[in-house]
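First the proteins, then the strands, lettered A, B, ... as listed; each starts at 1. All values derive from a computational prediction rather than experimental measurement.
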There are 2 protein chains.
Amino acid sequence: MSLPHALLAALLERPRSGLALARQFDKSFGHFWSASHQQIYRELSRLEADGLIASEAEADARGRKRTWRALAAGRDELRAWIPRDDPAPSLRDTLMVRLRAEAIVGPTGLEATLRARLKSHEDKLALYQGIEARDFPDPRKDRATAVQHLVLRAGLRHETYWIGFLTDALTVLCDPGLG
Amino acid sequence: MSLPHALLAALLERPRSGLALARQFDKSFGHFWSASHQQIYRELSRLEADGLIASEAEADARGRKRTWRALAAGRDELRAWIPRDDPAPSLRDTLMVRLRAEAIVGPTGLEATLRARLKSHEDKLALYQGIEARDFPDPRKDRATAVQHLVLRAGLRHETYWIGFLTDALTVLCDPGLG
DNA sequence: CATAACATGTAATGAGTTACATGATTAA
DNA sequence: TTAATCATGTAACTCATTACATGTTATG
């Protein structure tokens with residue numbers, strides 16, 4: 001349950017409206033913790049009820065822009081949450097289910113899906129490489145920059161790992177020497 | 001929504017009871033698509049209602065073992081589902097939120113969490129390597145074996161990628177030349 | 001002033017988890 | 001015969017998504 005904490009962090013960086021947060025709330029946040037605007041508005045209301053953030057306008061200001069900012073209590077809550085342990089999320093991908101099922105009920109033309117996935121990971125890798133070149137000319141400038149660059153490198157590694165696997169998978173599925 | 005299809009695949013391989021499926025329903029399935037027994041029993045009921053699987057005993061046989069098997073319609077449904085496209089799941093990990101937040105509100109002692117995560121990925125990698133050595137002496141024996149081995153290799157790649165990233169991350173966070 | 005774009009919100013649904021309830025079988 | 005274990009199931013709750021509803025501001 002880290003959406004509220006992602007929002008707190010984004011608002012500590014700089015006050016923003018709900019819609020600004022919803023538009024992938026930050027160059028870096030949106031890539032690894034996306035959320036719909038409905039989710040974000042709900043969480044913002046909860047964070048306000050808990051006294052962690054505040055805005056000028058009162059509740060149910062439909063149509064009127066509300067700019068949110070984090071309070072001191074919000075900052076404390078975030079700092080306490082950061083070092084908490086939680087279990088590693090397991091690899092959970094329908095593609096693995098499809099492959100495993102394909103091993104049982106025989107060839108089904110899965111190759112096209114693999115190629116589509118490969119393309120999407122290649123595109124994302126190119127996007128991340130563009131961000132790296134543009135936003136991190138000096139990644140060791142200070143601690144904050146170094147950690148942001150580290151998070152971006154996680155994305156680069158993630159896409160690279162998938163591209164490697166999918167290339168491997170296409171080789172196996174298209175191998176005429178099998179089956 | 002691939003749990004029902006994972007169950008169909010497992011039952012096509014060999015009929016099983018709900019509990020047997022719940023105990024990570026298969027050496028290979030459980031590692032990349034886990035599910036609680038409550039979820040599994042609910043899905044089994046739905047699959048039965050849809051005429052895709054069947055068992056001998058009638059419904060609400062509390063305490064009595066029910067062995068499920070897939071029907072022909074279940075096999076058809078699975079074969080039709082396998083090649084369907086769905087979007088690549090994005091990197092979604094609370095650790096990325098923690099790191100990104102750490103870049104904003106300063107050092108918080110996140111290193112211990114990173115070391116714990118590193119340990120858990122190293123353990124899982126060793127587990128997968130053991131499975132590979134034991135169950136895949138000849139990974140190119142036939143198409144089914146080759147695809148199962150491929151899925152295992154995804155797991156190996158996944159753990160390797162995380163170990164690389166976490167090692168990198170510890171270097172950055174513990175670097176005295178920053179911050 | 002009409003309409004497009006901006007901005008916030010509710011309702012319904014489904015997936016997944018936690019806690020609990022119940023019955024059958026086996027072993028001390 | 002009591003306790004542990006196996007086995008199946010219900011209830012309540014949270015998270016996330018989809019669809020929809022409503023009001024405001026800018027622009028032609």
Side-chain angles (χ1 to χ4, degrees), chain A residues 1-8 10-11 15-25 29-30 32-50 53-69 81 86-94 97, chain B residues 1-8 10-11 15-25 29-30 32-50 53-69 81 86-94 97:
Chain A
M1 231 265 297
S2 44
L3 177 58
H5 296 99
L7 293 173
L8 274 177
L11 293 178
R16 264 174 274 220
S17 70
L19 195 64
L21 290 163
R23 297 201 209 285
Q24 81 181 130
F25 36 112
F29 268 109
F32 58 82
W33 203 277
S34 60
S36 63
H37 78 273
Q38 293 88 340
Q39 242 184 307
I40 288 172
Y41 286 122
R42 201 193 318 127
E43 283 303 333
L44 288 173
S45 300
R46 281 184 207 166
L47 287 167
E48 184 188 33
D50 292 346
I53 63 172
S55 80
E56 308 74 40
E58 67 285 6
D60 202 354
R62 280 181 188 228
R64 229 104 30 97
K65 188 169 174 174
R66 293 178 83 180
T67 299
W68 297 94
R69 64 177 197 285
W81 173 81
D86 58 1
S90 66
L91 173 56
R92 191 177 182 79
D93 191 322
T94 70
V97 178
Chain B
M1 232 269 294
S2 44
L3 178 56
H5 297 99
L7 293 173
L8 275 176
L11 293 178
R16 264 173 275 218
S17 70
L19 196 64
L21 290 162
R23 299 200 208 284
Q24 79 181 131
F25 39 111
F29 268 109
F32 57 82
W33 203 278
S34 60
S36 62
H37 79 271
Q38 293 89 338
Q39 242 184 308
I40 288 173
Y41 286 122
R42 202 193 313 131
E43 283 305 333
L44 288 172
S45 300
R46 281 184 206 165
L47 287 167
E48 184 188 32
D50 292 347
I53 64 173
S55 80
E56 308 74 38
E58 67 284 6
D60 203 355
R62 280 181 187 226
R64 227 106 30 99
K65 189 167 172 174
R66 293 177 83 178
T67 299
W68 297 94
R69 64 177 197 286
W81 174 81
D86 57 0
S90 65
L91 174 56
R92 191 175 181 80
D93 191 321
T94 70
V97 179

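For Arg69(B), there are no side-chain hydrogen bond (donor to acceptor under 3.5 Å, both in side chains) partners, not counting sequence neighbours. By the side-chain contact (heavy atoms from CB on, under 4.5 Å) test, Ser45(B) is found to be paired with no residue, residues two or more places apart in sequence or in another chain being considered. Applying the side-chain contact (heavy atoms from CB on, under 4.5 Å) test to Gln39(A) and every residue at least two apart in sequence or in another chain returns Leu3(A), Ala35(A), Ser36(A), Arg42(A). Qualifying salt bridge (Lys or Arg N to Asp or Glu O under 4.0 Å) partners for Arg64(B), counting only residues two or more places apart in sequence or in other chains: none. Partners of Arg92(A) under the salt bridge (Lys or Arg N to Asp or Glu O under 4.0 Å) rule, at least two apart in sequence or in another chain, do not exist in this structure. For Ser90(B), there are no side-chain contact (heavy atoms from CB on, under 4.5 Å) partners, not counting sequence neighbours. In this structure Asp86(B) satisfies the salt bridge (Lys or Arg N to Asp or Glu O under 4.0 Å) test together with Arg98(A), sequence neighbours excluded. Residues meeting the salt bridge (Lys or Arg N to Asp or Glu O under 4.0 Å) test with Glu48(A), sequence neighbours left out: Arg66(A). Judged as a ring-ring contact (aromatic ring centres under 6.0 Å, His included), and not counting sequence neighbours, the contacts of Trp81(A) are His5(A).
What separates CD1 of Ile40(B) from C1' of dA7(D) is a distance of 13 Å, to the nearest Å. If you measure from atom NZ of Lys65(A) to atom C1' of dA5(C), you get 13 Å, rounded to the nearest angstrom.
Looking at heavy atoms from C-beta onward, Asp93(A) lies out of side-chain contact with Phe32(B) at the 4.5 angstrom threshold.
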Scoring nucleotides 22-28 of chain D by protein non-hydrogen atoms under 4.0 Å (B base, S sugar-phosphate only, - none) yields SBS----
Scoring nucleotides 13-19 of chain C by protein non-hydrogen atoms under 4.0 Å (B base, S sugar-phosphate only, - none) yields --SBBBB
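Note on the helix from dC1(C)-dG28(D) to dA28(C)-dT1(D): terminal axis deviation equals 0°, with five pairs used at each end and the result rounded to 10°.
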